[in-house]
Amino acid sequence: LRFHATVRGRINDTSVIVRRQASKILSAFLLSHPDHPDVVGVAHDLMRRSSDSEALRNLVLGTFELLWFMEEEPTARSALQLARVVDAASTMGMAPPDILGELLRRFRHNVGSRRRSRGFDFAVRRWTTLLLNEFVHPTITGPPGAAPSADADAASRVEAAMRSVTVEELISIHRRALLSTLEAFATAQPEAMVPHLRPLTVYLALEDGSTAEEQWIAQKVCKILSATLPRLASERRGLIDHRQVQLDLQALVRSQPSSGVREAIRCLCLVIKYITGDLGQVLVHLNTAVPGVSRLCAAAEAGQATVDRIQLMYMSRQVWVVSSLLESLNVDEYIRPESAEGGSPAVADPKRVLPRSFLKFDFVGGSVAATVADLLARLFDLGLPPLRAVVVTCLGFFLRGQRAYVKDRRLGDVFATALASRDINLCHKALEALAELLAHFAREANTETRLAAGTNAADDGVGPSAPRPPPESISAVEAAQPLSIYGDAALAHLSLAGAAGTLGMAADRAGDVLKLQGEALAVVRSLHQQGLVNPMAVLPKVFSLCFSDAASIAEPATAMLKEMLDLRPTLLLNRMDEAFREAFLALHAAGHPVRLGGGLAATRQTALAEVYADRFRRQKGTRESFIRRALKEIFRPQTDRGHERFTELSAAAAARAAAEASTTAVVAATAAAARS
């Protein structure tokens, strides 16, 4: 107990063995002292290390299981601890529903093996009830515990910062964590959230002048409803006061910022789709957004008027609304053609019909989706930087619900132009949209695979019962394939070859370039996981990022490299020279030059040591080959082939010399002219 702070400092040691032993000690510390004020901080440390190996992941999940899921009646302390840990998972690049789902699967197995038990469903409902009660009536009375020692790491410093806040701020932090955990339960176990939907909808009613905290809570409630409604096997009617909820959601659409608008629109569409069928709720948005934005766009295209700031804000907001709408609801499925106006409706349920005459704008391509796709392309072609960034983001929303348009040439040109732009913000938005789109298609592909095999995530009693996609739409796998054409552009930004020009143009925006690299890495990782990129071309670029000084880049790059080498360690052995070459160039581009033949800093070799320990050390052949080739590249580079191996640096040096010579000539000519 006295040395737990010191052990916490060793959990981030460069040695894999030291980290593993520190994790075991801290696991025993949690189970021996569940009431200690540093339990949450230690749990954060363990969860961060759970990605190192499968054995550590099982150790961490087993610790959490013994700590919180051994009793069917949870305590308020357990609820707060679990909430803080699940909420922190999202900041560590993990999916909170996945972690919670794995813990619930273990919990179900334990409950099922007991002779006297009220059942798994009862136990999970007790958890959700306690979490909601803690959210509504917080039991926190003051900051917990004393500050950690100076040897503690970043997680401890976060805990120390929390201890310095006021009680009101601490309550706000815990309420946010509790609501995020309820959202994870809504995804992992939606049936357990059924009794709590009606009480939660009260928080959708915001008054004028509502605080940022109240707006955030309303957005989270929208996410909980959106995660629960599509996956319920039971009857959905009567779960909520749908009339009041629709009124509150419409008010949120009018008053919330952009992120809140999307969540409110998505929630509204799902309420319409699964409960009310009131298409008039979305008709008002379509008849406002499409004609209004089209008129402003046409005027700008014809050169009749310039787009001022107010018009730009209006267009951006309306595009955000209509793209979010088509993401969650395929309006074209409910439209009754003109020829069927007097006959039978075009859909099975006559109450869920939208006559074509109700839509007060002309169609492009014969559908609402084609009209919106054309409008997005036209807005991007206007060339206004703020509007372009909005269009790229909204295009990602639109393609989630309208997969067929992934192959549209004009929409593809939007992404291609954005990725080739020297505007850092536009490049970042494009990579962010592609990363989220690929991740969405990957999740949908897993769901469709389970459905095709006749299984579901809910078959084991834990997890959502996924809605079946429309039979006429293309599959998620087919939708992701056209996005592979952006792999080369993402690789260029990954290696700083694409971002180098931008970095040179704005050296003071190095933080933005790191974000750009992070999103490019997410795109490449998703493409690799779905088999849409050549691993031989990707590996040297990913290897180079493992030497980055930024943990936000080095850690996910190391995790991806381990994934790539899991089944084929020879990928790195056969390309060791190219991999170190890319690492050398990356260090120079990032402003950390390395002398040829010189040693590397110990901190930059941590990722290499992890990869060696996890993927090469176990087998003698690969172990010796890795050590021999790595040492050769580090200590005995062929310096006489520098111009051949580093053509980029040679070209840059030549260009710089030519620029300096030109500048010198101009100065000399100017001086001579002045003297004459």
What's the spacing between [X] [atom1] and [Y] [atom2] if we round to 0.5 Å?
{"X": "Ser552", "Y": "Lys515", "atom1": "OG", "atom2": "NZ", "answer": "10.0 Å"}
{"X": "Met564", "Y": "Leu539", "atom1": "CE", "atom2": "CG", "answer": "4.5 Å"}
{"X": "Leu31", "Y": "Glu65", "atom1": "CG", "atom2": "CD", "answer": "10.5 Å"}
{"X": "Leu100", "Y": "Arg105", "atom1": "CG", "atom2": "CZ", "answer": "9.5 Å"}
{"X": "Thr187", "Y": "Asp98", "atom1": "OG1", "atom2": "CG", "answer": "9.5 Å"}
{"X": "Ile553", "Y": "Leu494", "atom1": "CD1", "atom2": "CG", "answer": "8.5 Å"}

Quick one: list whatever passes salt bridge (Lys or Arg N to Asp or Glu O under 4.0 Å) with [X], sequence neighbours left out.
{"X": "Asp488", "result": "none"}
{"X": "Arg10", "result": "Asp13"}
{"X": "Arg20", "result": "none"}
{"X": "Arg77", "result": "Asp35"}

> side-chain contact (heavy atoms from CB on, under 4.5 Å) between Leu573 and Phe626: does it pass, once the steps are laid out?
Replying inline: CA-CA 6 Å; Leu573 296 178; Phe626 177 87; 3.9 Å; yes

Using residues 427-435 as the side-chain source, report each donor-acceptor pair under 3.5 Å to any protein atom, sequence neighbours left out, with the distance given to one decimal.
none

For [Y], is there an ion pair with [X] - N to carboxylate O distance below 4.0 angstrom?
{"X": "Arg400", "Y": "Glu444", "answer": "no"}
{"X": "Glu436", "Y": "Arg443", "answer": "no"}
{"X": "Arg106", "Y": "Glu102", "answer": "yes"}
{"X": "Glu578", "Y": "Arg581", "answer": "no"}

Going by heavy atoms in the side chains, are [X] and [Y] under 4.5 Å from each other?
{"X": "Thr558", "Y": "Glu555", "result": "no"}
{"X": "Met560", "Y": "Val524", "result": "yes"}
{"X": "Glu563", "Y": "Arg525", "result": "yes"}
{"X": "Asp512", "Y": "Leu516", "result": "no"}
{"X": "Leu532", "Y": "Leu483", "result": "no"}
{"X": "Ser27", "Y": "Val60", "result": "no"}
{"X": "Trp68", "Y": "Phe107", "result": "no"}

Looking only at atom types and distance, does a side-chain atom of [X] sit under 3.5 Å from a main-chain N or O of [Y], one as donor and one as acceptor?
{"X": "Ser625", "Y": "Gly621", "result": "no"}
{"X": "Ser544", "Y": "Lys541", "result": "yes"}
{"X": "Ser484", "Y": "Gln481", "result": "yes"}
{"X": "Gln530", "Y": "Val477", "result": "no"}
{"X": "Thr449", "Y": "Ala445", "result": "yes"}

>> Please determine whether the number of non-hydrogen atoms from other residues, nucleotides or ligands lying under 6.0 Å from atom CD of Glu624 exceeds 12.
In response: yes

Please enumerate all residues that pass side-chain hydrogen bond (donor to acceptor under 3.5 Å, both in side chains) together with [X], with sequence neighbours excluded.
{"X": "Ser180", "result": "Asp87"}
{"X": "Glu183", "result": "Lys220"}
{"X": "Thr622", "result": "none"}
{"X": "Lys562", "result": "Glu610, Asp614"}

Could you pull out the closest heavy-atom pair between [X] and [Y], with the gap in Å?
{"X": "Leu104", "Y": "Ala188", "result": "CD1-CB, 4.3 Å"}
{"X": "Ala520", "Y": "Ala490", "result": "CB-O, 3.6 Å"}
{"X": "Cys546", "Y": "Leu561", "result": "SG-CD2, 3.9 Å"}
{"X": "Arg84", "Y": "His44", "result": "O-NE2, 3.4 Å"}
{"X": "Arg49", "Y": "Leu56", "result": "O-CD1, 3.6 Å"}
{"X": "Ala476", "Y": "Phe441", "result": "CB-O, 3.4 Å"}

> Taking only residues two or more places apart in sequence or in another chain, which ones pass side-chain contact (heavy atoms from CB on, under 4.5 Å) with Asn534?
Replying inline: Met536, Ala537

>> Val39: which residues meet the side-chain contact (heavy atoms from CB on, under 4.5 Å) condition with it, sequence neighbours left out?
In response: Leu30, His36, Leu67, Gln81

>> Before you tell me yes or no, could you show the steps for Val86 and Leu82 under side-chain contact (heavy atoms from CB on, under 4.5 Å), namely the whole-Å CA-CA distance, both residues' side-chain angles and the distance that decides it to 0.1 Å?
In response: CA-CA 6 Å; Val86 171; Leu82 176 68; 3.7 Å; yes

> For Tyr486, what residues pass the ring pair (Phe, Tyr, Trp, His ring centres under 6.0 Å) criterion, not counting sequence neighbours?
Replying inline: Phe415

> Could you walk me through whether Glu478 and Arg403 pass the salt bridge (Lys or Arg N to Asp or Glu O under 4.0 Å) check?
Replying inline: CA-CA 9 Å; Glu478 295 172 317; Arg403 298 178 184 175; over 6 Å; no

> Can Phe616 and Ile627 be said to form a side-chain contact (heavy atoms from CB on, under 4.5 Å), step by step?
Replying inline: CA-CA 9 Å; Phe616 293 97; Ile627 295 175; over 6 Å; no

>> Working note: Ser421 + Leu426, criterion side-chain contact (heavy atoms from CB on, under 4.5 Å); need CA distance, chi angles, decisive distance, verdict.
In response: CA-CA 7 Å; Ser421 172; Leu426 184 58; 3.8 Å; yes

